[in-house]
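Computed over heavy atoms, backbone and side chain alike; hydrogens, waters and symmetry mates excluded. Throughout, a chain's letter reflects where its sequence line sits, starting with A, and its residues are numbered from 1. As the structure is a prediction and not an experimental result, all values here were calculated from the model.
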Amino acid sequence: MTGSVVPVMTPGPRFRFAPSPTGSFHVGGARTALQNWALARRLGGTFVLRIEDTDEARNRPEWTQGIIDALAWIGVSSDDDHFEGPHFQSGYADAHLAAAQRLLDDGLAYYCDLTVEQIDARAKEFGHSGYDGYSRDRNLGPGPGHVVRFRVPEGTTVVRDLVRGEVSFDNATIEDFVLVRSNGTPVFLLANVVDDIEMAITDVVRAEEHLPNTPKQQMLWQALGHEPPRWAHVPVLVNEQRKKLSKRRDKVALEQYRDDGYLADAMVNYLMTLGWTPPGAEAAGSEIVSWPEIEAAFRLEDVTHSPAFFDVKKLAAFNGDYIRRMPLAEFVERAAQELPIDWDRDRFAAIAPHIQERLTTLREVPEKIDFLFWPVGAPMDYEAAARDKAFGAEWALPLLTDVIAAYREAPWTADDLKVSLEAVMERYEIKLGKAQAPVRVAVTGRSVGPPLFESMEVLGRDETLRRLSMAVEAVGAASGGG
RNA sequence: GCCCCCAUCGUCUAGUGGCCUAGGACACCACCCUUUCAAGGUGGCGGCACGGGUUCGAAUCCCGUUGGGGGUGCCA
């Protein structure tokens, strides 16, 4: 190996996703990552992952892996040809400082020795706000306590934004911002731009909160002698209070949703259709779209301009839809992962078709069917069950007794169990909806649950009869005593 | 305070001057179906923030007001 490694660059546009490492992956970040990903792939370009790890206080190696894993979960795979990275901002520290020095040499930046207190004092004294350019022409050199500031030129900066059109800023309202701190480290504004230049980024797609930074960064690109990238600022995600989603108040960790049983496909679909509607969705009467369709149709120009409420209820609806659309075999396999290890998988597979359409998340699977996995002979709380209103009617106890008799003989299939119960209930002149209630409570311990006869078929004759008998005893004791 | 962005049903949105009596999705309500609960089907409730213009015609264009959000760090 000789010389430097020249990165092999694919011809298309180069997008980038530049998260700073934290303990979790923000859903808002997931959305912009997805948007960058869709564009990079469709346009035959590159998705560059850059970890902005310059803030040493929050920088742990395992967090980088967390980001890569989270991205992989939503389909942004580091194995894909369009994926490049991860790059680390910390690895470009020399370039950041070199750029600052170049700006200094060209007279486009200067040293300043004012402290924050002094700046405030001047602002107060002269009645302006922020830094007033005090050191612009003092020709200070480097020194302790000296920062490097950018000399903002006069005029207007026009940012061409793919989602917002042209946004112009009067440079007079932009102060000479800091490029290099007094401790010699570069600030985000500089590092971010230098990295983008180094990585030959052509398209910056990020959240709207960065829009006010953009004129500054654009000036930096130009001062450094480069054509600025295409900008696109997508609206932020907000909570019910219409505030930017925050880690403190809101549930924003992608990993949390994953652990709560949300499907990656549903999450991706939901995130991408927040602020963007795929063509044809209205005619189809559905907002459920596959990734290939999204990738083929997503355009920045079509993204809405206003903030969107991250509505977990709608996400849940999407998730339920995706669960129902899963092929049964796949559902059984994935849902089985949510089960306690000692639960019989075959037994689960038998009941699976009956719970698939009753779910919002995969995590709810165990609680729906736990009664099928109680150890045989385990005592249920029949005293409590006996108090259920299902046993309130005078026909309840005799019906249960008759059902037990019938079930000793009936062939053990759901259909036969239903026929047997129907035969019994006719004697009491009640409908199936009512008749099944005490049986359900006796067998499952609850008044709602998966289809009864199918459940009993899976449970087996012995255990079903045992539970029915226990219930009759408990109810009998309760009513006899009162 | 200053700078910037935004504004259609509760929510996410379609809508780019006539096709809008404003469409869809989620949520909600009712009914149907039904083995409880779901799912599914049908129907319903519900919106162009306000005020001025421009135009034969405005949800769509312009101005203003109001409201919301973002940014204003030697954080990213």
Side-chain angles (χ1 to χ4, degrees), chain A residues 18-22 52-55 57-58 89 112 114-116 119 128-131 145-149 159 161 163-164 167-170 172-175 177-189 191-192 207-215 233 235-236 238 240-244 270 273-277 279 281-288 302 304-318 320-321 324 354-360 368 390 414 417-418 421-422 431-437 439-441 444 446-455:
Chain A
S20 46
T22 62
E52 308 233 316
D53 58 350
T54 37
D55 185 357
R58 38 163 148 158
Q89 185 159 74
C112 175
L114 253 41
T115 61
V116 179
I119 291 169
H128 58 256
S129 69
Y131 180 68
H146 293 199
V147 299
V148 176
R149 286 183 180 274
V159 170
D161 189 291
V163 348
R164 281 154 216 288
V167 184
S168 53
F169 298 81
D170 180 354
T173 64
I174 301 174
E175 64 177 39
F177 51 95
V178 171
L179 260 19
V180 181
R181 300 183 185 97
S182 55
N183 68 4
T185 59
V187 302
F188 156 77
L189 247 21
N192 192 261
E208 187 189 359
E209 63 205 76
H210 289 289
L211 189 51
N213 289 327
T214 310
H233 291 87
V236 293
V238 298
E240 45 277 89
Q241 276 81 242
R242 299 252 120 211
K243 302 281 190 204
K244 192 170 70 163
Y270 179 63
T273 52
L274 254 186
W276 176 72
T277 308
E282 184 181 0
S286 168
E287 293 178 352
I288 302 296
D302 298 334
T304 326
H305 295 186
S306 42
F309 170 46
F310 184 78
D311 187 357
V312 180
K313 266 190 166 180
K314 188 155 182 176
L315 204 213
F318 273 43
D321 203 314
R324 271 170 253 127
H354 303 292
I355 61 165
Q356 184 174 6
E357 66 186 20
R358 273 161 248 261
L359 298 168
T360 306
K368 299 265 185 215
L417 293 171
K418 182 183 180 197
L421 177 61
E422 282 170 339
K431 292 265 175 55
L432 186 53
K434 278 180 131 180
Q436 58 93 40
V439 178
R440 176 181 293 282
V441 174
T444 73
R446 293 202 203 91
S447 52
V448 299
L452 217 214
F453 306 109
E454 288 76 359
S455 296

Asks: What's the gap between B:rA25 and B:rC32 when it is taken at their P atoms, as a whole Å value?
Replies: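 About 22 Å, rounded to a whole number of Å.
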Asks: Taking for each residue the nucleotide of RNA chain B bearing the nearest heavy atom, is the 5' side occupied by A:Leu315 or by A:Pro235?
Replies: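 This one resolves to A:Pro235.
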Asks: If the plane angle is over 60° it's perpendicular, under 30° parallel, otherwise tilted; pick one for A:Phe310 and A:Tyr270.
Replies: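 Rings of A:Phe310 and A:Tyr270: perpendicular, as their planes differ by over 60°.
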Asks: Please round to the nearest 0.5 Å and tell me the distance separating atom OG1 of A:Thr214 and atom CG of A:Asp161.
Replies: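 The distance works out to 7.5 Å.
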Asks: Between B:rC74 and A:Ser182, counting only base atoms on the nucleotide and side-chain atoms on the residue, is there a donor-acceptor pair under 3.5 Å?
Replies: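 Answer yes: a donor N or O sits under 3.5 Å from an acceptor.
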Asks: Which part of the nucleic acid, if any, lies within contact of A:Gly449, taking any heavy atom under 4.0 Å across all strands shown: a base, the sugar-phosphate backbone alone, or nothing?
Replies: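 Counting heavy atoms under 4.0 Å across all strands, the contact made by A:Gly449 includes a base.
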Asks: Quick one: label A:His233 by what it contacts on the DNA or RNA (base, sugar-phosphate, nothing), any heavy atom closer than 4.0 Å.
Replies: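 If one applies the 4.0 Å heavy-atom cut-off, A:His233 turns out to touch nothing in the nucleic acid.
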Asks: Rounded off to whole Å, could you give me the CZ-to-C1' distance for the A:Arg358 and B:rG40 pair?
Replies: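 Those two atoms, CZ and C1', are 12 Å apart.
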Asks: Does A:Glu287 make a side-chain donor-acceptor contact with the base of B:rG24, cut-off 3.5 Å?
Replies: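 Looking at the base of B:rG24, it does pair with a donor or acceptor on the side chain of A:Glu287 (distance under 3.5 Å).
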Asks: Please tell me whether A:Phe177 and A:Tyr131 form a close aromatic pair, meaning their ring centres lie under 6.0 Å apart.
Replies: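 No, ring centres 6.0 Å or more apart.
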Asks: Do any side-chain nitrogens or oxygens of A:Thr304 fall under 4.0 Å of OP1 or OP2 in B:rU13?
Replies: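 Yes.
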Asks: What nucleic acid atoms does A:Val178 come within less than 4.0 Å of, heavy atoms only: base, sugar-phosphate, or nothing?
Replies: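 Sugar-phosphate contact only - A:Val178 comes under 4.0 Å of backbone atoms but never of a base.
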Asks: If you compare every side-chain N and O of A:Lys314 against the phosphate oxygens of B:rA25 (OP1, OP2), does one of them come in below 4.0 Å?
Replies: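 No, outside the criterion.
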